[in-house]
J.: 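I am attaching a structure below and will ask some questions about it afterwards.
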There are 2 protein chains.
Amino acid sequence: MPWSPEHKQQTRDKILQSAAHLFTHNGFNKVSINQVMERAGLTRGAFYKHFNSKKELYSEAVVYGARRMTRDRLDREPDLDRILDLYLSEEHVNSVADACPLAFLVSDIALRDEESRQGYQQVLKGFIKRLAQSTGKDMETATIASILMVGGVALARAVDSPELIEQILNTAKAESKRQLLEAEDVVN
Amino acid sequence: MPWSPEHKQQTRDKILQSAAHLFTHNGFNKVSINQVMERAGLTRGAFYKHFNSKKELYSEAVVYGARRMTRDRLDREPDLDRILDLYLSEEHVNSVADACPLAFLVSDIALRDEESRQGYQQVLKGFIKRLAQSTGKDMETATIASILMVGGVALARAVDSPELIEQILNTAKAESKRQLLEAEDVVN
DNA sequence: GTCTATACATTGATAGAC
DNA sequence: GTCTATCAATGTATAGAC
């Protein structure tokens, strides 16, 4: 029975990790606390020693999942061209692994409470700013690219036809690369 | 008691209209059949004489709402510049009136059954094709503009800060207008 | 075709033993 | 801190009177 001082923190992290995965892929309503705890290797009853409500868990899990995604993907991949390939890929859209909550939950968040939306908002702001800084482009260009990336993945996830999915992803990929990676046009 | 032959059809339409509004603004799970029927001026029990399940209602309501939106807005407004102003406006994002299911439900649809996703997909295809035809641009340009429009409204709905909402909407508006309305660049 | 009443399942949250 | 047991609420779907 390892009741070491950091045991609770580790358990909390396992719950958050489980919740981030389940919520990102299934939204708020289709995930039960039971599922989250089972995936974390625990039972329902223990949940409320770590969080006050399902809403609170969701709010924290969205930020947790987004930050994890950022750290594991963006931070260790210096090549932005490759990041765009990965983000706007069928593997990401159909991912069984971790995915980007910004895209997967974009219209799930709109239905949640203020805490959840503000967490999402902070992550989105960081996402846009990071794109701007790493490319040297202005905030407007980074915003365009962000809408294309997040909107592209969200839209691709909403349809079935492989051709349409490919059309959406390839178009968003090409245009966001054009916006972010090509040299400034003298005409503009 | 007007049990005229078209009475059932009228009732069905009232249910669909109520459902389209409620589902578009609140997603599948936060809407109950009770709510839908109340808004249509009926009670729960009558529902199953018109539809077989909540899923079936949702599937039809999404298409119904999208087509209504298209007919009432796009068809009677010849000025595309003005259409973009209306679509990418705070009024649309915060609408209490009818809104575009393509944007409001983009990540709600991904969680539903195949029938719902295919309905959504047909509407989206029509949306892109219409943009291409009415501007004379190619499908790729129309796809970019669609992602910016749908993604822009969806993202704006996910955040709280008025400044960020404005930034997202204005950027998406300017870029989609540039894509759709400006003359071809000779350089490209 | 619409109503009221109800069966039945799910699930968020709490209580109490260990 | 984790477990089992349970409460209370919600909501889909069905049954049967009118």
Side-chain angles (χ1 to χ4, degrees), chain A residues 1-62 105 108-109 111-116, chain B residues 1-62 108 111-116:
Chain A
M1 290 291 184
W3 280 12
S4 57
E6 69 271 12
H7 182 217
K8 181 168 182 180
Q9 179 60 38
Q10 284 182 1
T11 303
R12 208 185 128 96
D13 251 53
K14 274 193 357 192
I15 297 175
L16 271 176
Q17 195 174 331
S18 165
H21 184 271
L22 289 171
F23 280 136
T24 300
H25 286 79
N26 304 109
F28 181 83
N29 276 293
K30 288 187 87 172
V31 175
S32 70
I33 298 193
N34 210 3
Q35 280 180 278
V36 174
M37 294 303 277
E38 263 180 20
R39 194 172 217 271
L42 299 165
T43 54
R44 251 210 307 272
F47 172 73
Y48 292 91
K49 302 288 177 186
H50 298 274
F51 299 91
N52 291 316
S53 67
K54 185 184 176 184
K55 288 179 183 179
E56 186 183 302
L57 174 67
Y58 179 87
S59 174
E60 291 197 35
V62 169
L105 296 178
D108 198 64
I109 284 286
L111 306 177
R112 306 278 89 81
D113 60 11
E114 200 185 326
E115 284 68 33
S116 300
Chain B
M1 291 290 182
W3 279 11
S4 55
E6 70 271 12
H7 182 216
K8 181 167 183 182
Q9 179 59 38
Q10 284 182 1
T11 303
R12 208 185 127 95
D13 250 53
K14 271 186 13 185
I15 298 175
L16 271 177
Q17 196 173 330
S18 165
H21 183 271
L22 288 171
F23 280 136
T24 299
H25 286 79
N26 304 109
F28 180 83
N29 275 292
K30 288 187 86 173
V31 175
S32 69
I33 298 193
N34 209 3
Q35 279 180 280
V36 174
M37 294 303 276
E38 262 180 20
R39 194 171 217 271
L42 299 165
T43 54
R44 248 209 308 268
F47 173 74
Y48 292 91
K49 300 291 177 186
H50 297 274
F51 299 91
N52 291 317
S53 69
K54 186 184 175 184
K55 289 179 183 180
E56 186 182 303
L57 174 65
Y58 179 87
S59 175
E60 290 197 36
V62 169
D108 198 64
L111 307 177
R112 306 278 89 81
D113 60 11
E114 199 185 326
E115 285 69 34
S116 298

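Residue numbering restarts at 1 for every chain, and letters A, B, ... go by the order of the sequence lines.
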J.: Under 3.5 Å, side chain of Thr11(B) to main-chain N/O of His7(B), donor-acceptor pair present?
T.: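 Confirmed, Thr11(B) side chain pairs with His7(B) backbone.
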
J.: Would you say the side chains of Asp13(B) and Gln17(B) form a donor-acceptor pair under 3.5 Å?
T.: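 Side chains of Asp13(B) and Gln17(B): no pair found under 3.5 Å.
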
J.: Quick one: is dT2(C) close enough that its OP1 or OP2 comes under 4.0 Å of any side-chain N or O from Thr43(B)?
T.: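 It does not, given that no N or O in the side chain of Thr43(B) lies less than 4.0 Å from OP1 or OP2 of dT2(C).
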
J.: Hey, is the main chain of Phe28(B) close enough, under 3.5 Å, to the side chain of Asp108(B) for a donor-acceptor pair?
T.: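 Such a contact is found between Asp108(B) side chain and Phe28(B) backbone.
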
J.: Write down the distance between CZ (Phe47(A)) and P (dG12(C)), rounded to a whole number of angstrom.
T.: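 In whole Å, dG12(C) P lies 9 Å from Phe47(A) CZ.
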
J.: Return the residues of residues 18-42 of chain A meeting this criterion: a heavy atom under 4.0 Å from some atom of DNA chain C. Order them by number, or give none.
T.: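 Val31(A), Ser32(A), Ile33(A), in order of number.
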
J.: Nearest of dT2(D), dG12(C), dC3(C) to any side-chain atom of Tyr48(A)?
T.: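 Minimum distance to the Tyr48(A) side chain belongs to dG12(C).
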
J.: Could you check how far NZ of Lys55(B) sits from C1' of dA13(D), rounded to whole Å?
T.: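 These atoms are roughly 13 Å apart.
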
J.: If I take atom NZ in residue Lys49(B) and atom P in nucleotide dT2(C), what distance separates them, rounded to the nearest angstrom?
T.: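 My rounded result for the distance is 10 Å.
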
J.: Can you tell me the distance, in whole Å, between the CD atom of Gln9(A) and the C1' atom of dG1(D)?
T.: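 After rounding, the reported distance stands at 15 Å.
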
J.: Tell me which of His50(B) and Lys54(A) sits closer to the 5' end of DNA chain C, going by the nucleotide each one is nearest to.
T.: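 In this pair, the answer is His50(B).
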
J.: Let's see if you can work this out: which of dT6(C), dC3(C), dT2(D) has an atom nearest to the side-chain heavy atoms of His7(A)?
T.: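 Of the candidates, dT2(D) comes closest.
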
J.: Check the distance between dT2(D)'s P and Phe51(A)'s CZ and give it to me in whole angstrom.
T.: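 Atom CZ in Phe51(A) sits about 12 Å away from atom P in dT2(D).
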
J.: Could you state the atom-to-atom distance from CZ of Arg44(A) to C1' of dT11(C) in whole Å?
T.: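 From Arg44(A) CZ to dT11(C) C1': 7 Å.
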
J.: Within this structure, what is the CG-to-C1' distance between Leu57(B) and dA13(D), rounded to whole angstrom?
T.: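 Between C1' of dA13(D) and CG of Leu57(B): 14 Å.
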
J.: Got a donor-acceptor contact below 3.5 angstrom from the Lys30(B) side chain to the Leu111(A) backbone?
T.: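 Here the side-chain-to-backbone pair exists.
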
J.: Between Thr11(A) and dT2(D), is there a contact of a side-chain N or O with OP1 or OP2 at under 4.0 Å?
T.: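 Yes, Thr11(A) has a side-chain N/O under 4.0 Å of OP1/OP2 on dT2(D).
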
J.: Is the backbone N or O of Glu6(A) less than 3.5 Å from a side-chain atom of Gln9(A), with the two atoms forming a donor-acceptor pair by type?
T.: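 Answer holds: no.
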
J.: Heavy-atom distance under 4.5 Å between the side chains of Arg12(B) and Phe51(B), does that happen here?
T.: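 Yes; the side chains approach each other to less than 4.5 Å.
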
J.: If only atom types and distance count, is the side chain of Thr24(A) paired as donor or acceptor with the main-chain N or O of Ala20(A) below 3.5 Å?
T.: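 Yes.
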
